[in-house]
Undergrad: 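I have a structure I would like to understand better, so I am pasting it below and will then ask my questions one at a time.
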Amino acid sequence: MARTATFQEAIHEALDQEMASDNTVILMGEDIVGGIHADGEDDAWGGVLGTTKGLYAKYGDRLLDT
């Protein structure tokens with residue numbers, strides 16, 4: 001039986017897998033790290049759809065807000 005995932009979950013999983021397997025991969029985008037000017041993970045919205053939520057805690061400086 002095929003696995004079911006939302007579009008958001010599929011994107012998140014793919015980004016996480018690529019960042020884990022290749023340390024030269026970076027992500028850049030609006031509000032993928034911050035948004036409310038809090039510190040660290042408390043501020044990591046994960047972008048408009050939340051697809052990068054939790055990746056900042058794992059990969060830190062490899063995620064950049066633009």
Side-chain angles (χ1 to χ4, degrees):
M1 184 171 180
R3 184 180 87 161
T4 301
T6 66
F7 190 66
Q8 175 189 7
E9 291 167 339
I11 292 172
H12 181 273
E13 185 177 318
L15 292 172
D16 192 17
Q17 287 175 0
E18 287 304 310
M19 292 191 81
S21 68
D22 183 351
N23 65 359
T24 66
V25 172
I26 64 168
L27 299 177
M28 297 171 59
E30 285 190 48
D31 296 330
I32 66 169
V33 174
I36 59 173
H37 307 293
D39 291 330
E41 183 64 15
D42 291 336
D43 196 30
W45 288 4
V48 175
L49 299 176
T51 54
T52 61
K53 183 94 175 136
L55 296 181
Y56 179 70
K58 290 174 88 171
Y59 302 109
D61 292 338
R62 291 172 53 198
L63 279 80
L64 306 168
D65 273 338
T66 61

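Treat the numbers as computed from the prediction; the structure is a model and nothing was measured.
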Undergrad: Yes or no on salt bridge (Lys or Arg N to Asp or Glu O under 4.0 Å) for Glu9 and Arg3, after CA distance, side-chain angles and deciding distance?
TA: CA-CA 12 Å; Glu9 291 167 339; Arg3 184 180 87 161; over 6 Å; no
Undergrad: Backbone N or O of Ile26 within a donor-acceptor pair of the Tyr59 side chain at under 3.5 Å?
TA: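 Absent.
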Undergrad: Hey, does Leu27 have a side-chain heavy atom less than 4.5 Å from the side chain of Leu64?
TA: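 No, side chains not in contact.
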Undergrad: Could you grab the distance from atom CZ of Arg62 to atom CG of Leu55, nearest 0.5 Å is fine?
TA: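 Nearest 0.5 Å value for the CZ-CG distance: 10.0 Å.
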Undergrad: Does Gln8 have any side-chain hydrogen bond (donor to acceptor under 3.5 Å, both in side chains) partners at least two apart in sequence or in another chain, and if so, which?
TA: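 So Gln8 forms no side-chain hydrogen bond (donor to acceptor under 3.5 Å, both in side chains) with any residue.
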Undergrad: Would you give the length of the straight line joining atom CD1 of Ile32 to atom OH of Tyr56, rounded to the nearest 0.5 angstrom?
TA: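 The OH atom of Tyr56 is 11.0 Å from CD1 of Ile32, to the nearest 0.5 Å.
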Undergrad: Do Phe7 and Thr51 touch side chain to side chain, with heavy atoms closer than 4.5 Å?
TA: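 They are not in side-chain contact.
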Undergrad: Side-chain heavy atoms nearer than 4.5 Å, only ILVMFWY residues, links allowed to pass through others: does that put Val25 and Val33 together?
TA: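 Same cluster: Val25 reaches Val33 through Ile, Leu, Val, Met, Phe, Trp or Tyr contacts under 4.5 Å.
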Undergrad: Does Asp65 reach the main-chain N or O of Asp31 with its side chain, forming a donor-acceptor pair under 3.5 Å?
TA: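 Yes, because the side chain of Asp65 sits within donor-acceptor range (under 3.5 Å) of the backbone of Asp31.
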Undergrad: In Å, rounded to the nearest 0.5 Å, how long is the span from CG of Leu15 to CD of Gln17?
TA: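 Output value for this atom pair is 9.5 Å.
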Undergrad: How about Met19 and Lys58: do any of their side-chain heavy atoms sit closer than 4.5 Å?
TA: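 A side-chain contact under 4.5 Å is absent here.
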Undergrad: A quick test of your reading: do over 12 heavy atoms of other residues, nucleotides or ligands sit less than 6.0 Å from CG of Asp22?
TA: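 Check passes, neighbour count above 12.
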